[in-house]
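The structure appears right after this line, and notes come after that.
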Amino acid sequence: MHVQQIECLITLAEELHFGRTAERLGLSQSRVSQLIATLEARVGARLVARTSRRVALTRAGAQFVKDVRPAYLGLLRTFDRARDRAMRGALEELRIGFTGMVYAEIIATFRTLHAQHGVSVHTHDVPLGSPFTAVLDGELDAVIAELPVHERELTIGFRFAAQDQFVVVSTDHPLADREAVDQEDLAQFDLLHRIGDAPDYWKAARTPSMTPAGVPILSTAGITTIQQGITLAASGHHAMLACRPLIEHYARTGLRTLPVRGLEATSQLGLVWRTDQTNPTLLTLAGLLELARPAITSLGAPASHQG
């Protein structure tokens, strides 16, 4: 089946007008009609109902467009990636998601992957509260995201060093003068939570709803970026749980960072990908990260500041 026929039908489904479809595709109206007719003959069903006043998809046409659109868009993405790789001289490409900055030591690992294996790495921003969606949808090959991960569809290919958690508060907060707080003290804060479509268990790990003794922990506001969280914490009305690398990166006056006893080594990042998309390239990247572990660990932090 000719790709141009599929492209023509999908465009016609959006425009519902042969003239506009022809204009968008740079074709004549007669060529558009020919492509649709050929496609209908191949499918063996009428896909488009056309009168002197209107154009509409038939039920068979609407179902066909619904079924074929994802494959068509995937083909376009594959073509675009191949073209980008050719321009950069790379044999393959990995799309890796982050929700924060990437350390130079990790960039060095990506460069090694390119130099030794011909694999180019593209980094992409991932919404703070939606760490896995782009990977599950196939838009990214992997993501460096906060753990835990319980989905069977996802594999943790590499675990970064675990980090202690701190509570970030304004210097005006009643507990700001303490050297540290206990988990039970978290009930005295209004903790910020991540907004997004992450699983409930993941959100609960980022912002607990109660202390170990069962005392509720208030959380009246959500955030979509770390910077937003830092700003709200500085306002004095909220607090945020964060790991040391995050604190060091976003250090600013007007804030206090208090260690939380009982939350030592409870923040960890992992390189996560779809289990059914496991391939030698991802395994190679995981292996290179393992080789680079001493350099990463010397930073006291993983590749991405996520809290």
Side-chain angles (χ1 to χ4, degrees), residues 1-48 50 55-99 110 113-114 117-127 130-145 153-154 196-197 272-282 285:
M1 191 173 297
H2 202 288
V3 175
Q4 192 178 37
Q5 297 167 8
I6 303 298
E7 180 183 36
C8 187
L9 179 63
I10 289 176
T11 305
L12 184 61
E14 295 171 355
E15 297 290 346
L16 295 179
H17 190 280
F18 275 79
R20 291 194 296 270
T21 298
E23 184 177 354
R24 273 183 58 179
L25 298 178
L27 304 172
S28 65
Q29 289 193 46
S30 60
R31 178 58 177 162
V32 170
S33 297
Q34 181 185 24
L35 289 170
I36 295 299
T38 302
L39 182 60
E40 289 178 327
R42 289 177 178 270
V43 173
R46 186 82 176 273
L47 303 176
V48 178
R50 180 181 184 182
V55 174
L57 296 179
T58 63
R59 292 181 62 183
Q63 184 62 51
F64 183 79
V65 169
K66 179 181 178 181
D67 292 342
V68 80
R69 190 192 301 272
Y72 172 74
L73 295 178
L75 182 62
L76 292 183
R77 288 194 294 268
T78 299
F79 176 81
D80 289 341
R81 291 198 297 271
R83 181 175 57 188
D84 290 343
R85 289 197 300 268
M87 292 176 62
R88 293 190 301 275
L91 299 178
E92 295 183 58
E93 177 185 272
L94 283 180
R95 300 158 297 165
I96 309 295
F98 295 87
T99 59
F110 293 163
L113 189 66
H114 184 272
H117 303 277
V119 178
S120 177
V121 175
H122 265 195
T123 59
H124 300 260
D125 290 332
V126 174
S130 303
F132 310 131
T133 302
V135 173
L136 290 170
D137 289 347
E139 297 175 5
L140 295 177
D141 298 301
V143 64
I144 292 183
E153 300 92 340
L154 295 175
D197 59 6
V272 180
W273 62 70
R274 265 179 51 170
T275 302
D276 63 356
Q277 296 298 317
T278 301
N279 59 62
T281 303
L282 287 170
L285 174 59

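Values below: every heavy atom of this structure, side chains too, minus hydrogens, waters and symmetry copies.
A heavy-atom distance below 4.5 Å is not found between the side chains of Val119 and Leu285. In this structure, the side chains of Thr21 and Val55 stay at 4.5 Å or more apart for every pair of heavy atoms. Here the side chains of Arg31 and Leu25 are not in contact, with every heavy-atom distance at 4.5 Å or above. Using a 4.5 Å cut-off on side-chain heavy atoms (C-beta onward), Leu9 and Leu57 make contact. By the 4.5 Å heavy-atom criterion applied to side chains, Glu139 and His124 are not counted as neighbours. In this structure, Leu76 and Tyr72 have side chains that are in contact, with non-hydrogen atoms separated by less than 4.5 Å.
A donor-acceptor pair is defined here as one N or O able to donate and one able to accept, closer than 3.5 Å; such a pair exists between the side chain of Arg46 and the backbone of Val48. Although no hydrogens or angles enter the test, the distance criterion places no donor-acceptor pair under 3.5 Å between the side chain of Arg95 and the main chain of His122. When atom types are taken as modelled, the side chain of Thr275 and the backbone of Glu153 share a donor-acceptor pair closer than 3.5 angstrom. In this structure a side-chain-to-backbone donor-acceptor pair under 3.5 Å is present from Asn279 to Thr281. Counting only distance, with no hydrogens or angles, the side chain of Ser130 and the backbone of Asp197 share a donor-acceptor pair below 3.5 Å.
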For this session: Take Trp273 and Asp141 through the test side-chain contact (heavy atoms from CB on, under 4.5 Å) and record every step on the way to the result.
Result: CA-CA 6 Å; Trp273 62 70; Asp141 298 301; over 6 Å; no

For this session: Check step by step if side-chain contact (heavy atoms from CB on, under 4.5 Å) holds for Gln4 and Leu27.
Result: CA-CA 11 Å; Gln4 192 178 37; Leu27 304 172; 3.8 Å; yes

For this session: Take Gln5 and Arg42 through the test side-chain contact (heavy atoms from CB on, under 4.5 Å) and record every step on the way to the result.
Result: CA-CA 10 Å; Gln5 297 167 8; Arg42 289 177 178 270; 3.6 Å; yes

Exercise. Could you go step by step and tell me if Leu154 and Arg274 meet the side-chain contact (heavy atoms from CB on, under 4.5 Å) rule?
Worked result: CA-CA 4 Å; Leu154 295 175; Arg274 265 179 51 170; 4.2 Å; yes

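Between Gln29 atom CD and Arg20 atom CZ the span is 10.5 Å, to the nearest 0.5 Å. How far NE2 of His117 is from CG of Leu94: 11.0 Å, rounded to the nearest 0.5 Å. Here the CD1 atom belonging to Ile6 is positioned 11.5 Å from the CZ atom belonging to Arg69, to the nearest 0.5 angstrom. For the atom pair OG1 (Thr11) and CG (Leu16), the distance works out to 11.5 Å, reported to the nearest 0.5 Å. For the atom pair CD1 (Ile96) and CZ (Phe110), the distance works out to 5.5 Å, reported to the nearest 0.5 Å.
Within 6.0 Å of the CD atom in Glu14, the count of heavy atoms belonging to other residues, nucleotides or ligands exceeds 12.
When all heavy atoms of Cys8 and Val32 are compared, the pair lying nearest together is SG-CG1, 3.5 Å. The minimum heavy-atom distance linking Asp67 with Pro70 is given by the pair O-CD, 3.6 Å. Among all heavy-atom pairs drawn from Leu47 and Glu40, the shortest one is N-OE2, 2.8 Å.
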